[in-house]
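Along the sequence shown, the residues carry numbers beginning at 1.
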Amino acid sequence: MLSGVEPRPQRRASRRTMRALVGLAVIVGLGGGTSGCSYPGCTEPTLSAEPVVVDDPSTPVTLSVRLADDDGPVSGRKVTFFILTRGGDATGVRAGQAETDADGVASITREDGVNGPVLPDETVHGYKAEFSALGTVDGKTHCPAEVEAPVSCRVGADEGACEPKPFPG
């Protein structure tokens, strides 16, 4: 600390700011996805995903999302999928990419399961999909969007956190 200089007290967030942040967290947490449209003339899309429950995190699994706008499904656009882990990369491990079909659905199947692309001792807790709009399709330029959904494991009759990926050997 510099001599004779008093540290500034930290400002607290206003109640309105806190309510807005809580509201945003609730919307994102419900699998509704987010979009950030800062480009003029950009169409705001919705990217949605469903939770996934697996019996074994190392067996084949299909991850799917749906891309739509006010006019309905958006086809012919690329979506990138990531596996989200605890104890690993906070942004996720890239799991694949797929193009949306006529219903706006993009899917990938991981033959090695959700544990396939992650490092040993990491625990899978979800997946994320990102739509990065590049170019115009059918006269529309879409804004980027992303969504996260949980992944859990079936343990007997219950669902819970998946076991961490074991170390080989």
Side-chain angles (χ1 to χ4, degrees), residues 21-39 42-69 73-135 137 141-169:
L21 290 173
V22 169
L24 178 61
V26 168
I27 290 169
V28 171
L30 295 176
T34 62
S35 158
C37 232
S38 60
Y39 306 105
C42 217
T43 300
E44 189 100 24
T46 301
L47 191 60
S48 56
E50 295 293 323
V52 171
V53 180
V54 296
D55 290 319
D56 179 344
S58 61
T59 58
V61 64
T62 298
L63 306 175
S64 297
V65 295
R66 183 173 187 273
L67 182 64
D69 62 20
V74 177
S75 63
R77 303 309 290 256
K78 291 197 183 301
V79 175
T80 305
F81 291 83
F82 300 86
I83 301 295
L84 302 175
T85 63
R86 288 187 182 91
D89 187 349
T91 60
V93 179
R94 190 173 191 273
Q97 190 175 54
E99 190 170 294
T100 56
D101 63 16
D103 295 322
V105 176
S107 299
I108 62 166
T109 299
R110 294 284 316 185
E111 295 300 326
D112 54 358
V114 291
N115 263 356
V118 304
L119 296 172
D121 213 28
E122 291 182 340
T123 302
V124 173
H125 69 87
Y127 71 101
K128 175 180 174 179
E130 292 181 352
F131 165 64
S132 299
L134 296 174
V137 173
T141 301
H142 287 94
C143 300
E146 65 181 46
V147 66
E148 291 182 16
V151 171
S152 58
C153 286
R154 194 170 285 114
V155 182
D158 297 323
E159 295 173 17
C162 296
E163 291 293 320
K165 182 176 181 177
F167 282 94

Task: Option passing side chain to side chain contact (heavy atoms under 4.5 Å, CB included) with V147 (candidates V65, L67, T46) - done: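 With V147 as partner, side chain to side chain contact (heavy atoms under 4.5 Å, CB included) holds for just one option, V65.
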
Task: Identified side chain to side chain contact (heavy atoms under 4.5 Å, CB included) partner of V151 from the options V114, V61, V53 - done: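 Of the listed options, the one satisfying the test is V114.
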
Partners meeting side chain to side chain contact (heavy atoms under 4.5 Å, CB included) with [X] (sequence neighbours left out):
X   : result
P51 : P150
E99 : K78
A68 : R66

Task: Under 3.5 Å: donor-acceptor pair, side chain of T100, backbone of R77 - done: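 Here the side-chain-to-backbone pair exists.
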
Which heavy atom in [X] sits nearest to a heavy atom in [Y], and how many Å separate them?
X    : Y    : answer
A95  : I108 : O-CD1, 3.6 Å
C143 : P45  : O-CG, 3.2 Å
D69  : E44  : CB-O, 4.0 Å
A145 : L47  : O-CD2, 3.8 Å
H142 : F131 : CB-CE2, 3.6 Å
S107 : A98  : O-CB, 3.3 Å

Residues that [X] engages under side-chain hydrogen bond (donor to acceptor under 3.5 Å, both in side chains), provided they are two or more places apart:
X    : result
T59  : none
S75  : none
D101 : none
S132 : none

Open item on the list: Test: salt bridge (Lys or Arg N to Asp or Glu O under 4.0 Å). Region: residues 110-120. Which pairs qualify, not counting sequence neighbours?
Closed with: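 Sorted result for residues 110-120: R110-D112.
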
Rounded distance (nearest 0.5 Å) linking atom [atom1] of [X] with atom [atom2] of [Y]:
X   : Y    : atom1 : atom2 : value
F81 : K128 : CZ    : NZ    : 13.0 Å
L84 : H125 : CG    : NE2   : 5.0 Å
D56 : E163 : CG    : CD    : 11.0 Å

Task: Counterpart residues, salt bridge (charged side-chain N to carboxylate O under 4.0 Å, His left out), relative to R154 (two or more places apart) - done: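 Per chain and number, R154 pairs via salt bridge (charged side-chain N to carboxylate O under 4.0 Å, His left out) with D55.
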
TODO: Go through the structure and list residues passing salt bridge (charged side-chain N to carboxylate O under 4.0 Å, His left out) with E50, not counting sequence neighbours.
DONE: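 With sequence neighbours excluded, E50 shows a salt bridge (charged side-chain N to carboxylate O under 4.0 Å, His left out) to no residue whatsoever.
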
Task: Residues L119, V93; criterion side chain to side chain contact (heavy atoms under 4.5 Å, CB included); working and verdict - done: CA-CA 9 Å; L119 296 172; V93 179; over 6 Å; no

Task: Any side-chain heavy-atom pair of V54 and C162 under 4.5 Å - done: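 Of all side-chain heavy-atom pairs linking C162 with V54, at least one is under 4.5 Å.
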
